[in-house]
Amino acid sequence: MSEKFCERPWGTWEVIDQGPWYKVKRLTVESNKSISLQYHIHRSETWAITQGRGEVRLDGDTFQVKQGDTFVVPIGAVHKITNISNIPLIIIEVQCGEITDENDIVRLGK
């Protein structure tokens, strides 16, 4: 059985729902923290920002997001998000693909 909750140096994630080809997570990124620069071989991700503000790096572009924004991280896209607000950044992440476990993360550094 896969993990349902995990603490990371940047915050936490929790699995809300999952099926054979999808997984839904709630990510909480603490102030001034970032997930690692990464990409996925087997899945895409759609992110909905439900609280806070963030700065996203996506395949060489950088843009800011806020509560109510959504965007797609395609399969293979190099990405990272940083919380730029003084409250937790909360993201609902919908993963779609053949593999949606933590083994599909290729980390490239900070």
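Just so we're clear, the structure is a prediction, and the values are computed from it rather than from any experiment. Residues take their numbers from the sequence shown, with the count starting at 1.
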Please confirm whether the backbone N or O of [Y] pairs with a side-chain atom of [X], one donor and one acceptor, at under 3.5 Å?
{"X": "Thr82", "Y": "Lys33", "value": "no"}
{"X": "Ser85", "Y": "Ile87", "value": "yes"}
{"X": "Asp104", "Y": "Arg43", "value": "yes"}
{"X": "Gln51", "Y": "Pro88", "value": "yes"}
{"X": "Lys23", "Y": "Thr100", "value": "yes"}

Item to complete: With the side chain counted from C-beta on, respond yes when Gln18 and Lys4 share a heavy-atom pair under 4.5 Å apart, and no when they do not.
Response: yes
If you compare all heavy atoms of [X] against all heavy atoms of [Y], which two are closest, and at what distance to 0.1 Å?
{"X": "Leu58", "Y": "Val73", "value": "CD1-CG1, 4.0 Å"}
{"X": "Ile35", "Y": "Val29", "value": "CG2-CG2, 4.4 Å"}
{"X": "Gly11", "Y": "Glu30", "value": "CA-CG, 4.1 Å"}

Residues forming a salt bridge (charged side-chain N to carboxylate O under 4.0 Å, His left out) with [X], sequence neighbours excluded:
{"X": "Lys66", "answer": "Asp69"}
{"X": "Asp59", "answer": "none"}
{"X": "Arg8", "answer": "Glu102"}

Worksheet entry | Val65, Thr28, Ile81 screened by side chain to side chain contact (heavy atoms under 4.5 Å, CB included) with Ile91, the one that passes | Ile81
Item to complete: Among Thr12, Ile90, Thr50, find the one that has a side chain to side chain contact (heavy atoms under 4.5 Å, CB included) with Arg26.
Response: Ile90
Do [X] and [Y] land in one hydrophobic cluster if side-chain heavy atoms of ILVMFWY residues count as linked below 4.5 Å?
{"X": "Phe63", "Y": "Leu89", "answer": "yes"}
{"X": "Trp10", "Y": "Val56", "answer": "yes"}
{"X": "Phe71", "Y": "Ile84", "answer": "no"}

Going from [atom1] on [X] to [atom2] on [Y], what distance comes out if it is rounded to the nearest 0.5 angstrom?
{"X": "Asn83", "Y": "Ser31", "atom1": "CG", "atom2": "OG", "answer": "4.5 Å"}
{"X": "Glu93", "Y": "Glu45", "atom1": "CD", "atom2": "CD", "answer": "4.0 Å"}
{"X": "Trp21", "Y": "Gln95", "atom1": "CH2", "atom2": "CD", "answer": "13.5 Å"}
{"X": "Ile49", "Y": "Gln64", "atom1": "CD1", "atom2": "CD", "answer": "12.0 Å"}

Worksheet item: Got a sec, which hydrophobics cluster with Val94, joining ILVMFWY side chains under 4.5 Å apart, including via others?
Response: Ile16, Tyr22, Val24, Ile92
Practice prompt. Could you list all the ring-ring contact (aromatic ring centres under 6.0 Å, His included) pairs where at least one residue sits in residues 25-45, not counting sequence neighbours?
Written response: His40-His79
Discussion item. Applying side-chain contact (heavy atoms from CB on, under 4.5 Å), can you list everything that pairs with Glu14, at least two apart in sequence or on another chain?
Written reply: Phe5
